[in-house]
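Sharing a structure here in structure tokens format.
A note on names: the letters A, B, ... follow the listed sequences, proteins ahead of strands, and every chain is numbered from 1.
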Amino acid sequence: MIQRSQDIKTRFDIVLFGLVATLAGISITLLYSISTSPMEAEYWKKQLFGYGVGIGAMVAVTLVPRRFWFQTSYLLWGALQIPLLFVSASAKGAERWLAIGGFHFQPSEFAKLGVLLALARLFSDRKVGLNNLKPAIVPFFFFFIPFVLILKQPNLSTALSLATVFVVLLFWSGFTVLELLILASPLVSVGLSFHFTAWAVYNIFAWLLLYQRWYVRKLSGKVATFFLFAILLSGLASQVVWSQVLKSHQRSRILTFIDPTRDPGGTGYQVLQSQVAIGSGGLWGKGFGQGSQSNLQFLPEEHNDFIFAVLAEQFGFVGCTMVLGLLLAFLVRCLQMCFEESDRFRNLVIVGAVTIFSFHTLVNVAMTLGLMPVTGLPLPFLSYGGSFVITCMMLVGFLLHMRLGEDE
Amino acid sequence: MIGATGQSEQIERNQRTWAMIAVLVVLFLALIVRLFQLQIVEGESLLRQSEANRLREDPVQAPRGLLLDREGRPLVQNRPSRNMVIDPAVVRGREKSLVKLLLQFEDSDGSALFDSSFLVRLFRQARHTPSQRPVLLEDASPSEIALFAENQYRLPGILQEVAMRREYPHGALAGHLLGYIGEIPEDRLDSLKLQDYRMGDLIGQMGLEQQYESDLRGKDGIRWIEVDAKGRIVGTPQDMPNKDPIPGRHVRTTIDLDLQKIAEFVLPDSLKGSVVALDPRSGEILAMCSSPRIDPNIFALPGRRRAREWAKLALDSRRPLNNRAIQGTYEPGSTFKIVSSLAGLVSGSVSAQHHFPVACRGGYHFGARYQRCWQEKQPFHGSLELNGALTQSCDVYYYQVGLQVDMPWINKTAASLGLGSRTGIDLPNEKSGLLVDSAIHERRNKRLGWKWARGLILNLAIGQGELVTPLQLATMVGGVADGHNVMRPHLMQAILEPSDGKMVRTYSLDTLSHLKWSEETIHTIHDAMDSVINGRRGTGRAARLKGIRVGGKTGSAENPHGEKTHALFVAAAPLDAPEIAIGVIVENAGHGGSVAGPIAGALLKTYFKKTGRLDPSDSLDRRRWVPEVAGGGD
């Protein structure tokens, strides 16, 4: 027991925890500021409760023995996929929730944790590269199965956050930046295929690059050829699918997703009102509780996906910059651990966790600022939501757990 | 340890960590740049946009000005009423259950208060324009309010609102000239938008309500309100540039309520016709009545009942919507003999003592035609001077006057007395009437190919063929009685500031024409008009007063609409210094002297009793009043 408590002392990072506590405090303050409307009166209390449970979960995660998460990672992966299957099977429409004993869970949030641990363990004993794809096959399936299940819910944004984690872990396990770019090149081809000249120029450059890589023996002939065709065919296929397979309402849904202003009554309205709320905050903001956009319900989903707009309206550019600074400080502080930690598994867990946080933060804020499509991804620590807060706190728990300590 | 490897790998890993930190910093900076753009660069305009989101102008109804009689008694006033309105934000999503419940509501007769198509339309409107509250029930009665109050908990989003309504305290009294207000017709909305009218605003649509719209209307105020995203009003923000409504100005009319009441009484709805009484010195209308009448209160009724009453009026064959005083055109009949007499006197071809070659033996030979006098049997009129001819209304005499002076003189005289063209009274849609000469006759009958013939003068000289309005008759007789000026008739005396009753402006008196008659001419015609009323053989004895010299003329005009003639009467008193001139027309009622004469008499009695100059034994007994419908001479 004595050793355990020393363990906690060494593992407990006061700076990291301080950052998290500050962000949690801001979250509750913001939710309290919008509690004047009867629909949202209870959110700040529920959030407080969520943080209570979250801290418990964090402590529990931190306290388990040193190798526990490594050893149980595959098991956890499997166990956390089951509710996902359950939701997918019963799902009609965008049903992402599972109710157990009166509590609503978002299984995809917890599934992420399992995927993170399993991938970290898998990548911890192998080195991969574009010329060395075989060791990546097993990790790919560990990623791909939950990816598809979550995509089917449908929960595109969470699925994409998993993909990002996978890609970053590939980078950590040997892929160079150039190799990652080649990996992504067919997707770029799809995007550019809507502008023929750009696509043609892109193809020529991509082919020349692949040829050069092959010529200097950095890429095997087989892989280079595969990507050459992948780039060409994915562009062509995307055009066929777009004009022949997709119906016009599906096309317009995709276009609206990319450019919400096409639908001024729906998501376009949300994006516009979010920008109005943020911009009207100005330099210093309208003051605590004075956000007219949020108080008068012009901001939809303000407690959740658009919490950043609530912050921006009340506290202005200064407040936003400070909160973004806190979030960035939190992420950098986490990455700092990698400098101190030589254990690959722990490194990968840290990097994966940081990726999840970063992805959420960047996509959410970009969305509220009107820079990205509206995806419904919450802002870590700030957005309202029980499962999400608990997941975030458990991730913090993993981070603390992975901190350099006495090796047994 | 599985992951523990050489130093080079640690360095490589550190590089990757740095790379990740760098990427994160760059991306966060990008977000901050965008934040700067939104909050600092576009901050001002987005702040305005957020204000525009939450702040809304709410119009505040300006009270409409009142219409007063000449003594300041209200003819039209405002009263508060209660409307049941729908709050679109609250009813959203509950439309079906509300419609179902509202359809069960019944009024006191047990018939349904609403029909489903109306409710569906209303709720659709509520959904489309959530910032406006559509009116479910206008001017709810106490029992209807009680009905809604009982069911309050089942009727979320249905509220009571107070609105001012137009009220006509004397019912149909002077309804035609007061007019009414109603919603702006759609085809006029575009042009009226320039004058700050909005859809659904009420606007004067007839009579004085229309004529003095710009004075009566006032200017609606503005109250800023704070609304939420669903359009619900959440409060009234401080320090906003609210504007108080500017109340409309009152119009003090020239109408004398007492006289108007008598006019309404003596010309009941059972008779069709019109009475106009005016002051010839100024042209002020003292009373103006058109029957059958309309009650302007029906235009203030709630929607469905208003439509029903309106349809009834529009389809009525008696045409109650016509203001006969200014829109009814009638042949003047024998009342026109005043004009013919004057034409003879003014032209100098007829003197007071002149006897025409043909004495009245019941008719007159003109070429191959024989034109009868109304008195075809014994005792014949015989050979008359002007006084006797007007008193007994001898047609034969006036046939010869017409032939002697010819149409140009007759029409010139008629025009100088205000006939044949609009008097220019301050009411919309006045008719001009008609004077006939050879050119006009041939133009009007071009289709039939009728040509002018001198024989037509015979008819025109006794008032058959011209068309006049009752207002023109009163103007004419007033001008004749005054002998010097014909004043433009009008209804507005003054525009008053509602706050303190100060006069904003008054009607500037206007002379229609100066009569350049000799004193002898005036004397002659006044004597003749006196004899018509007071003479032993006068046809207008029903309008005589004790101690006051009344002058006038009766008329009975044949018309294609009925067996009985239109009864006409013109009168003015006192003849030497006239204060009141009256024109009366009762359609298809018989003779002027017996039907129209007593009506004029009743008004004269009321007027002079009020000014204290009437012999007390001569006052009007309203209990014994029976509109006579028979007997008497022309």
Side-chain angles (χ1 to χ4, degrees), chain A residues 37 70 124-125 168 171-172 177 269 272-273 275-283 285-286 291-293 295-300 312-313 316-318 320-321 324-325 327-328 331-332 335-339 341-348 350-351 354-355 358 361-362 365-366 369-371 407, chain B residues 1-56 89 130 225-235 237:
Chain A
S37 108
F70 180 83
S124 67
D125 62 354
V168 170
F171 172 62
W172 226 263
V177 174
Y269 175 82
L272 175 74
Q273 293 301 346
Q275 289 180 41
V276 168
I278 292 168
S280 66
L283 182 63
K286 295 177 183 171
S292 67
Q293 287 281 106
N295 286 347
L296 301 173
Q297 277 91 48
F298 287 103
L299 261 181
E313 190 180 19
F317 182 71
V318 174
C320 288
T321 315
L324 284 179
L327 284 163
L328 183 62
L331 296 172
V332 171
L335 284 174
Q336 261 187 345
M337 295 183 206
C338 295
F339 295 130
E341 182 60 73
S342 57
D343 182 312
R344 271 190 72 105
F345 171 70
R346 296 181 188 175
N347 252 328
L348 289 168
I350 292 168
V351 168
V354 168
T355 305
S358 309
T361 307
L362 291 166
V365 176
L369 291 172
L371 294 173
D407 265 328
Chain B
M1 286 307 301
I2 303 156
T5 43
Q7 215 173 4
S8 67
E9 202 191 305
Q10 181 67 46
I11 290 167
E12 193 195 321
R13 233 189 285 153
N14 286 355
Q15 281 172 347
R16 287 174 197 266
T17 310
W18 278 117
M20 242 181 111
I21 290 174
V23 168
L24 281 178
V25 168
V26 167
L27 290 174
F28 270 76
L29 278 177
L31 293 182
I32 287 173
V33 167
R34 171 67 174 168
L35 260 180
F36 185 83
Q37 188 200 350
L38 280 180
Q39 299 195 294
I40 311 298
V41 182
E42 296 174 18
E44 288 270 311
S45 85
L46 288 171
L47 179 64
R48 273 199 300 276
Q49 219 169 315
S50 87
E51 294 291 282
N53 267 344
R54 77 182 178 101
L55 297 173
R56 196 154 292 162
I225 49 168
E226 190 175 22
V227 295
D228 70 7
K230 288 172 183 161
R232 273 187 298 232
I233 297 168
V234 294

Exercise. Taking the side chain as C-beta and beyond, is there a heavy-atom pair between A:Asp125 and A:Phe345 under 4.5 Å?
Worked result: no

Problem set entry | Part of B:Ile40 lying under 4.5 Å from any heavy atom of chain A | side chain

For this session: Could you please spell out the steps behind the side-chain contact (heavy atoms from CB on, under 4.5 Å) verdict for B:Met20 and A:Leu331?
Result: CA-CA 10 Å; B:Met20 242 181 111; A:Leu331 296 172; over 6 Å; no

Exercise. Between B:Val25 and chain A, which part of the residue has a heavy atom less than 4.5 Å away: side chain, backbone, both or neither?
Worked result: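 For B:Val25, backbone and side chain are both near chain A.
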
Exercise. With under 30° as parallel and over 60° as perpendicular, where do the rings of B:Trp18 and A:Phe339 fit, or are they tilted in between?
Worked result: tilted

Problem set entry | Among the listed options A:Leu327, A:Leu348, A:Ile278, the residue most often paired with chain B at heavy-atom distances under 4.5 Å |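 So the answer, after comparing A:Leu327, A:Leu348, A:Ile278, is A:Ile278.
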
Problem set entry | Top of A:Ser358, A:Gly325, A:Gly281, A:Cys320 for chain B proximity - count of heavy-atom pairs under 4.5 angstrom |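 Among the listed options, the one with the most contacts to chain B is A:Cys320.
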
For this session: Heavy-atom distances under 4.5 Å only: say whether A:Ala277 touches chain B with side chain, backbone, both or neither.
Result: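 Neither the backbone nor the side chain of A:Ala277 comes within 4.5 Å of chain B.
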
Problem set entry | side-chain contact (heavy atoms from CB on, under 4.5 Å) between A:Leu369 and B:Gln37, worked out | CA-CA 10 Å; A:Leu369 291 172; B:Gln37 188 200 350; over 6 Å; no

For this session: Just give me the residue among A:Val168, A:Leu328, A:Val351 that pairs up with chain B most often, heavy atom to heavy atom, under 4.5 Å.
Result: A:Leu328

Problem set entry | side-chain contact (heavy atoms from CB on, under 4.5 Å) assessment of A:Thr361 paired with B:Phe28 | CA-CA 9 Å; A:Thr361 307; B:Phe28 270 76; 3.8 Å; yes

Problem set entry | Interface moiety of B:Glu42 toward chain A, non-hydrogen atoms closer than 4.5 Å | neither

For this session: Decide yes or no for A:Ser280 and A:Lys286: does some side-chain heavy atom of the first lie under 4.5 Å from some side-chain heavy atom of the second?
Result: yes

Exercise. Are any of the side-chain heavy atoms of A:Asn347 and B:Thr17 separated by less than 4.5 Å?
Worked result: no

Exercise. Counting heavy-atom pairs under 4.5 Å to chain B, which of A:Val177, A:Leu283, A:Val276 comes out on top?
Worked result: A:Val276

Problem set entry | Per-residue contact mode, A:Gln275 against chain B (heavy atom under 4.5 angstrom) | both

